[in-house]
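I have placed the structure first, in the form of structure tokens, so that the comments after it can refer back to it.
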Amino acid sequence: MATLSWSDLNVTTKDNVAIVSKSNGLCPAGHIIALMGPSGSGKTTLLNSLASRDMGSAIKVHGDVEYLYQGQESPQKLSAVSTYVEQEDHLIGCLTVKDTLWYTGELSGLSGAILKDQVEYLLNAFGLKGQSDILVGTPIQKGISGGQKRRLTVASQLMRNPKVIFMDEPTSGLDSKASFEIISHMKNYAHEHGAIVIVSIHQPSTSTFDLFDEVVFLSKGRTVYNGPVKEVVEYFKNIDMEIPQYYNPAEYILEAISTDFGSGDNTNDISDLVSKWEDYNNRNGEKTIQQILEPHETHNSLYEKPESKRHTFGWRIKHVSNVTWILSRRLLVKARRDVFAYILRIFMYLALAILMGTVWLRLNHNQDNISSYVSALFFSGAFMSFMAVAYIPVYIEDYMNFKKEARNNLYGPLPFMISNFLVGLPFLFVITVVFSAFAYWMVNLKNTAEGFFRFILWLFLDLLAAESMVVLISSSIPIFIVALALTAFANGLWMAVQGFLVPATILNPFWYYTFYWIDYQRYVFHGMMITEFKDSIYNCDADCNCAYVSDLASECKIRGEAVLHSVGISDHSASKVGQWVGIMIVIIFVYRVLGYFALKYHVK
Ligand SMILES: Nc1ncnc2c1ncn2[C@@H]1O[C@H](COP(=O)(O)OP(=O)(O)OP(=O)(O)O)[C@@H](O)[C@H]1O
């Protein structure tokens, strides 16, 4: 039989302030255990420590947590068989309830009739059958209620039949009936699947409280009671703290061990309760598995030996491509349904194209218009990439969902990054074509099909690089306001050093020898400049004064290459342009690889 046990677990801050002290416990397969205590008593911290979750360098954990099978180290690691239901839901707003379960099932390796049955079973078990085709909900489209989201979160994490389930306040925001239903379902799940379920919970009703097999009461991180729920009343009676009849025992104990509110300091009372619990334990000894288990609990078939899985390289490749395919399909559904993902941006770029086309309307090839042509190209490249900030909230929603799923071992950062890139490609291409189709001809940029397609190429690479930068920044610091500020700053930097506002020839050496060479907007700007000015001829003014000197001055004309020269573009050969396209691809690749490592860091 599998068990999760912990001994002498101490959690402190790095300044040695105790959060959880001397915690011991044992939970056998088939049992559901509650961690209870007032707010700030250390329930989440204990739960995280049991789940071996990284809590940052500010927290230190000492002691042992063991996942054992028949008293021996389990062949499978706890992280491989467990799932953690967080306090926040982190669902994808524009998927329906059924879609959410379906894709999670696919990601868990289910398919065909098994997947269908499992989805149906969970929809029924969590009371979501009537909402199966309703969207989870987005900021502009109301979806299911908060309580239904909570139930969906829990249901989706049972898809792959985890052996150990940690739940951080799964019932917060739910009414007592819904809370009862969830805990009741988890109890049945634990019993039927031989799973271990550990739940931190605030204030369950009496009927919900009675569903738990064991309970740990914490006060300021110290254990006041850890044992069977049905012995709670008896234990507290024996230590002269009789729970009045008709009183919810959980509520009564929580009031007694709460330290934040109420009159007077009850620290001594709490210390007294902790000592009494320690004395009781010393007298009776820690309970063994046999003492914890009910005599009738002999579901041996459920406690099958977990098998260790060693994956070959070929299996991994197949797994990554399968998961990439599932994630790509899910993202495509989102991209189609979520107006914020791409649809709004397509209209935004269309509006910008019309704005640009009417501001720089039908320029002609007189020298007075040369600077307007140059600024139009700068605006297209720089401002279009700046607008990629609109992608940040969409990406952060995906990231949060990714983090939840990756930490629960459904997949890793690689398929997430690849699918995000692949699904972005067609949408960014549509945005590019829509923008170019209007802006290019309205401004009267080079009147050739080749010029138009080259413009599309540069703008497409520009948007890809801008979006990849957003992915890198938002993956590194997935906090909306910070990612927004950093992306705006980075875009300002790339605009400033790309050689338009200050020509490369006079750019400060620090910027020139560093950021100028890795500035994707610079390659886009120079690429567009070559497309526009190479092999173009402009008229000097009526008195034959030419703003740019070229070999055509005697004919009162300016060769476009002279304009290129003035912004520091001396080599405009096809090989140079090809080299810049290559550099753009490398920049996009590097952004994505760095983004991958940022994701990897966050789910370590
Ligand atoms: N990283 C940290 N640095 C310093 N103190 C921390 C840190 N994490 C948690 N704590 C402190 O540890 C204590 C326990 O926090 P925890 O979140 O585990 O409590 P909780 O019982 O789950 O509370 P709630 O029911 O309100 O969610 C709190 O006083 C909290 O301020």
Side-chain angles (χ1 to χ4, degrees), residues 4 6 8-25 27 32-63 65 82 84-90 146-147 149-150 153-154 165-174 176 179 182-183 186 197-205 208-209 212 214-226 248 250-262 265-267 270-271 273-274 277 403-404 407 477-479 601-604:
L4 185 75
W6 62 102
D8 221 7
L9 199 62
N10 288 286
V11 186
T12 61
T13 64
K14 65 172 186 277
D15 305 322
N16 276 331
V17 177
I19 300 179
V20 174
S21 308
K22 291 196 266 176
S23 179
N24 297 294
C27 187
I32 177 165
I33 176 166
L35 305 182
M36 292 183 60
S39 182
S41 57
K43 302 181 291 293
T44 303
T45 308
L46 177 57
L47 193 73
N48 285 340
S49 310
L50 297 180
S52 307
R53 284 210 138 192
D54 181 30
M55 290 182 276
S57 55
I59 299 287
K60 289 194 252 167
V61 182
H62 299 284
V65 177
S82 65
Y84 189 107
V85 182
E86 295 174 355
Q87 277 187 27
E88 294 80 25
D89 291 314
H90 298 313
K149 279 187 193 159
R150 207 75 277 270
T153 298
V154 178
I165 303 156
F166 300 98
M167 308 178 91
D168 193 10
E169 293 177 22
T171 57
S172 57
L174 298 186
S176 58
S179 303
I182 287 203
I183 301 299
M186 294 313 300
V197 182
I198 303 186
V199 184
S200 87
I201 188 162
H202 258 290
Q203 213 160 34
S205 64
T208 305
F209 180 64
F212 290 99
E214 281 96 33
V215 58
V216 177
F217 280 110
L218 293 172
S219 179
K220 284 199 166 171
R222 295 178 299 169
T223 306
V224 169
Y225 176 82
N226 177 358
N248 175 348
E251 201 175 323
Y252 183 82
I253 295 162
L254 286 178
E255 273 172 28
I257 62 177
S258 175
T259 51
D260 287 346
F261 305 102
D265 180 6
N266 63 350
T267 314
I270 305 290
S271 298
L273 287 177
V274 173
W277 171 248
K403 192 172 167 190
K404 177 182 77 178
R407 289 183 104 182
I477 307 181
I479 303 167
Y601 171 78
H602 284 299
V603 295
K604 74 178 187 308

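Counting starts at 1 for both ligands and their atoms, following the listed order. These numbers come from a predicted model, not from an experiment.
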For this session: Let me see the working for Leu9 and Asn24 under side chain to side chain contact (heavy atoms under 4.5 Å, CB included), right down to the final yes or no.
Result: CA-CA 7 Å; Leu9 199 62; Asn24 297 294; over 6 Å; no

Problem set entry | Subset of ligand 1 atoms that lie under 4.0 Å from at least one heavy atom of Pro38 | 21 (O)

Exercise. At a 4.0 Å cut-off, with the gap strictly under it, does some heavy atom of Ser41 reach an atom of ligand 1?
Worked result: yes

For this session: Taking Asp168 for its side chain and Glu88 for its backbone only, find out whether a donor-acceptor pair lies under 3.5 Å.
Result: no

Exercise. Does ligand 1 have any atom sitting under 4.0 Å from a heavy atom of Glu169?
Worked result: yes

For this session: Flag atom 30 (C) of ligand 1 as yes if some protein heavy-atom distance to it falls below 4.0 Å, otherwise no.
Result: no

Problem set entry | Identity and separation of the nearest protein heavy atom to atom 17 (O) of ligand 1 | Thr44 CB, 3.8 Å

Exercise. Gly42 to ligand 1: N or O pair under 3.5 Å?
Worked result: yes

Exercise. Would Ile257 and Tyr225 count as a side chain to side chain contact (heavy atoms under 4.5 Å, CB included) if you check the C-alpha gap in whole Å, the side-chain angles of each, and the deciding distance to 0.1 Å?
Worked result: CA-CA 11 Å; Ile257 62 177; Tyr225 176 82; over 6 Å; no

Exercise. How far does OG1 of Thr13 sit from CD1 of Ile59, to the nearest 0.5 angstrom?
Worked result: 6.5 Å

Exercise. Closest non-hydrogen protein atom to atom 3 (N) of ligand 1, residue and atom name please, with distance?
Worked result: Ile59 CD1, 4.0 Å

Problem set entry | Atoms in ligand 1 flagged as close to Gly40, the criterion being non-hydrogen separation under 4.0 Å | 13 (C), 14 (C), 19 (O), 20 (P), 21 (O), 23 (O), 24 (P), 26 (O), 28 (C), 29 (O)

Problem set entry | Flag, side chain of Lys43 to backbone of Gly37, donor-acceptor distance under 3.5 Å | yes

Exercise. For atom 15 (O) of ligand 1, what's the nearest protein heavy atom and its distance?
Worked result: Thr45 OG1, 3.7 Å

Problem set entry | Smallest separation among heavy atoms of Ile270 and Ala256, with atom names | CD1-O, 3.9 Å

Seminar exercise, completed: min-distance protein heavy atom vs atom 11 (C) of ligand 1 -> Ile19 CD1, 4.0 Å

Problem set entry | Spacing of His602 atom NE2 and Asp54 atom CG [to the nearest 0.5 Å] | 11.0 Å

Exercise. Lys404 side chain to His90 main-chain N or O, any donor-acceptor pair under 3.5 Å?
Worked result: yes

For this session: Give a yes/no verdict on a cation-pi contact between Arg53 and Tyr84, requiring under 6.0 Å between NZ or CZ and the six-membered ring centre and an angle within 45° of the axis.
Result: yes

Exercise. For ligand 1, is there an N or O atom under 3.5 Å from any N or O atom of Thr13?
Worked result: no

For this session: Would you mind checking which non-hydrogen protein atom is closest to atom 26 (O) of ligand 1, with the distance to 0.1 Å?
Result: Ser39 OG, 2.6 Å

For this session: Measure from atom 21 (O) of ligand 1 to every heavy atom in Gln87, Met55, Lys43, Met36 and give the option owning the shortest one.
Result: Lys43

